[in-house]
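Side chains included, hydrogens not; waters and symmetry mates left out as well; all remaining heavy atoms used. Just so you know, ligand 1 is whichever comes first in the structure, and atom 1 is the first atom listed for that ligand.
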Amino acid sequence: MRRRIAAGNWKMNGMVADLAIVGEISAAAKAASCEVVLCLPATLIRAANNLVALPLGGQDCAAQEKGAFTGDISAPMLRDAGAGFVILGHSERRALHGESDAIVAAKVQAAWAAGLCAILCIGETEAQYRAGETLDVLAAQIAGSLPEGANARNTVIAYEPVWAIGTGLTPTVDEIARTHAFIRARLPDAGLSILYGGSVSPANAAQIFALADVDGGLVGGASLKSDSFIPIIHELEASA
Ligand code: PEP
């Protein structure tokens, strides 16, 4: 049985005042039959961990364990703050911070060494999608950013078409089904979960989660409010 996970990515959003939302999501997650994870800004992880039993994650970590890397946060630091997960290779990190597959792979290894589960993001840009290169891009990202040793406990894959993130656009369900099946065939362990990410909402979650190779969602904007994230959690439960 693969893990079914609803993961929220708060990106660079959230203040201490927003911990009430974490409390509401945690209350809903307690009764849920799927895993619910919130990947918060690093500044909120400790406070959220003191408040709720919900699994928490960071959104990036350094490849190094410690040292002269001003502004960076290491995987052991995230773990120390109460995180069990970390998003790595998000398209915003790849595009805005120049993270190559090799850098992402090194970060995944750092996450594993600290006992974190890596949520490894892969996905094609709009230009690559239009050029029909989606599957080649995904194959290259899997080969380059997923180190040997991935298993269902230490890694979750998130397929996130870059052009679907924050745009309200999504691939068709047939395209998502085909892409997830392609990814699954390239993973080293049949037990690895593959989440879909990119404009998941309460309105489209049921259709997407019903697909055989979709094991949940990585949700950005809709995870910032309990009244949009909790219905998505319920759709994932209902799709089991
Ligand atoms: C994301 O940033 O990982 C994401 C999927 O964002 P959104 O749900 O807002 O498209």
Partners meeting salt bridge (charged side-chain N to carboxylate O under 4.0 Å, His left out) with D18 (sequence neighbours left out):
none
Between R4 and E237, is the closest basic N to carboxylate O distance under 4.0 Å?
no
Within the 4.0 Å heavy-atom sphere of ligand 1, strictly under, residues:
N9, K11, H90, E160, A164, I165, G166, G197, G198, S199, L218, V219, G220, G221
Any ion pair linking D215 and R184 (charged N to carboxylate O, less than 4.0 Å)?
yes
Do S74 and E65 have side-chain N/O donor and acceptor atoms under 3.5 Å apart?
no
With Y159, which residues qualify under ring-ring contact (aromatic ring centres under 6.0 Å, His included), at least two apart?
H180
Side chain to side chain contact (heavy atoms under 4.5 Å, CB included) partners for R130, two or more places apart
E126
